[in-house]
2 protein chains.
Amino acid sequence: MSVYTPPILTVDNVVFSLIAGDLSVLLIERANDPFKGVRALPGGYNAAGETTMDAVARVLKSKAGINLSELNYIEQLYTFDTVARDPRGHAVSVSYMGLCRDIVIPLDKGLQNPQFFPVKNLPKLAYDHVDIISYAHTRLCFKITYTNVVWALLPNMFTLTQLQSAYESILMKSLDKRNFRKKFLSLGLVVASKEFFKDGAHRPARLYKFKKQSLEVLSRSFD
Amino acid sequence: MSVYTPPILTVDNVVFSLIAGDLSVLLIERANDPFKGVRALPGGYNAAGETTMDAVARVLKSKAGINLSELNYIEQLYTFDTVARDPRGHAVSVSYMGLCRDIVIPLDKGLQNPQFFPVKNLPKLAYDHVDIISYAHTRLCFKITYTNVVWALLPNMFTLTQLQSAYESILMKSLDKRNFRKKFLSLGLVVASKEFFKDGAHRPARLYKFKKQSLEVLSRSFD
DNA sequence: ATAGTTATTGTGATATTGACACTTACTATT
DNA sequence: AATAGTAAGTGTCAATATCACAATAACTAT
């Protein structure tokens with residue numbers, strides 16, 4: 001135990017947002033080697049005495065200028081631990097997935113050029129970050145089928161078209177409008193408001209909102 | 001980075017098995033303080049240069065006398081990282097869930113008294129191991145509703161009654177026999193054999209087996 | 001008034017769910 | 001050989017969910 005040397009511990013955060021209708025991930029540009037100048041997830045060291053969530057908050061602020069509280073939802077994903085992930089030595093990374101609305105990324109010189117990139121068209125990424133994003137995306141696809149978690153990606157009030165479009169962007173396939181509406185409304189996660197969204201030269205769309213602005217899990221059962 | 005001190009990294013393994021029909025967890029008895037003599041999950045340090053799965057294999061063998069290959073299934077669960085989990089200092093634990101059939105635990109003096117305990121009646125446990133087991137149990141309950149993962153807990157050939165009983169033990173509720181059979185058979189995960197299991201003074205039960213002895217995930221979709 | 005655009009809504013065929021009870025096949029006992 | 005006991009195996013009906021599919025409504029701009 002006294003001669004025991006642990007691996008380095010790091011965190012990586014996959015922050016998803018719907019940017020111009022596309023599911024997108026927040027990436028920074030690495031300031032140092034290895035992978036200097038290459039795009040990467042915001043991540044960094046986790047010191048003894050801080051939780052991984054603490055580390056996520058610290059890193060997100062210092063590298064991307066975003067406060068943890070700007071994420072509407074965050075959950076731990078998976079811990080990536082292969083010995084060769086980091087060329088400098090064994091680094092075990094606890095990954096998180098965060099979801100947020102359309103947020104403003106500050107243009108601060110101290111930051112590492114944070115930007116959102118559409119998931120369907122990612123740049124070259126450092127480390128095993130492609131795998132981490134892919135894992136997060138798969139998890140999100142599952143999660144939207146049995147929870148209200150898309151709430152975290154949408155504005156407070158939204159139209160059913162927006163909602164459907166969010167599902168389509170995440171699942172990366174198109175859905176039937178009538179069936180989607182019928183099914184989603186029957187889940188009872190969302191309520192109609194009295195307000196409408198007027199957009200252009202066409203019929204205005206009714207605005208809806210989620211009943212709960214926190215995770216709600218639908219039970220699925222065997223008998 | 002040079003002054004950076006990581007937390008200790010550990011692994012903990014929740015091994016489930018159906019013992020006398022009850023969902024049970026493998027526990028050892030701690031040899032040293034803290035929690036000396038208290039029951040705990042088999043777990044231990046993870047050194048730099050070994051993956052968490054390596055560490056799980058090592059610990060399982062050295063503390064419980066079980067080879068990793070005796071587990072039919074294993075997956076990573078969650079990483080527990082609160083600063084106060086371990087009274088000795090910050091220790092981050094990557095937890096795994098393993099599933100196995102009725103296996104023989106060796107009675108070796110070098111081992112830490114490994115034994116299976118029914119989940120519904122656990123002894124006092126060290127650290128946050130109750131939480132880890134509870135997390136694993138919840139995950140397993142979900143997982144059996146959309147995968148064939150119970151295969152890993154059952155013998156190669158089994159009766160539908162055994163299968164249903166496995167579900168009931170895990171979910172901790174009783175299921176309707178006719179509906180269970182109808183539904184499960186319609187999933188197409190399992191095939192009937194020509195063989196029967198003769199047990200006592202009653203009609204013999206047909207034996208079934210899983211088509212795949214590896215994880216199969218049923219897709220659930222939106223439209 | 002017309003054209004253009006998006007929102008909204010329903011039906012029929014099929015499959016799934018869930019509640020519910022009797023018959024079948026075997027063994028042990030008499 | 002008959003009977004009792006035990007667990008295995010099976011079907012129906014009503015309600016609900018799924019899925020494919022197209023016409024009408026409400027607005028704006030010209």
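Sequence lines set the chain letters: A, B, ... in the order given, protein chains first and strands last, and positions in each chain run from 1. Keep in mind that what you see is a predicted model, and the values were worked out from it rather than measured.
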field: Whether B/Phe184 and B/Tyr167 hold their rings parallel, tilted or perpendicular, with breakpoints at 30° and 60°
entry: perpendicular
- prompt: Reading nucleotides 5-14 of chain C 5' to 3', which nucleotides get B (base under 4.0 Å from a protein heavy atom), which S (sugar-phosphate only), which -?
  reply: BBBBBBB---
- prompt: In Å and rounded to the nearest 0.5 Å, what is the CE to CD distance from B/Met157 to B/Gln162?
  reply: 11.0 Å
task: Rounded off to whole Å, could you give me the NZ-to-C1' distance for the B/Lys183 and D/dT16 pair?
output: 13 Å
Within residues 184-205 of chain A or reaching into it, pairs that qualify as salt bridge (Lys or Arg N to Asp or Glu O under 4.0 Å) - sequence neighbours excluded: none
message: Test of understanding: with side-chain hydrogen bond (donor to acceptor under 3.5 Å, both in side chains), list the residues that count as partners of A/Thr52, not counting sequence neighbours.
response: A/Tyr96, B/Asp81
message: Listing request: all salt bridge (Lys or Arg N to Asp or Glu O under 4.0 Å) pairs with a residue in residues 135-155 of chain B, at least two apart in sequence or in separate chains.
response: B/Glu75-B/Arg139, B/Glu75-B/Lys143
- request: Check the distance between C/dG18's P and B/Phe184's CZ and give it to me in whole angstrom.
  value: 16 Å
Validation row: B/Ser17, B/Ile103 side chains within 4.5 angstrom (heavy atoms): no
- request: Starting from P on D/dT28, measure out to CZ on A/Phe197 and report it in whole angstrom.
  value: 13 Å
message: Can you confirm if the aromatic rings of A/Phe158 and A/Phe210 lie within a centre distance of less than 6.0 Å?
response: yes
task: Kindly write out the residues that satisfy salt bridge (charged side-chain N to carboxylate O under 4.0 Å, His left out) with A/Lys120, not counting sequence neighbours, or none if the list is empty.
output: A/Asp22
Can you name the atoms? Protein N/O to nucleotides 1-4 of chain D N/O, anything below 3.5 Å, with the distance.
none

message: Rounded to whole Å, please give me the gap between CZ in B/Phe180 and P in C/dG18.
response: 13 Å
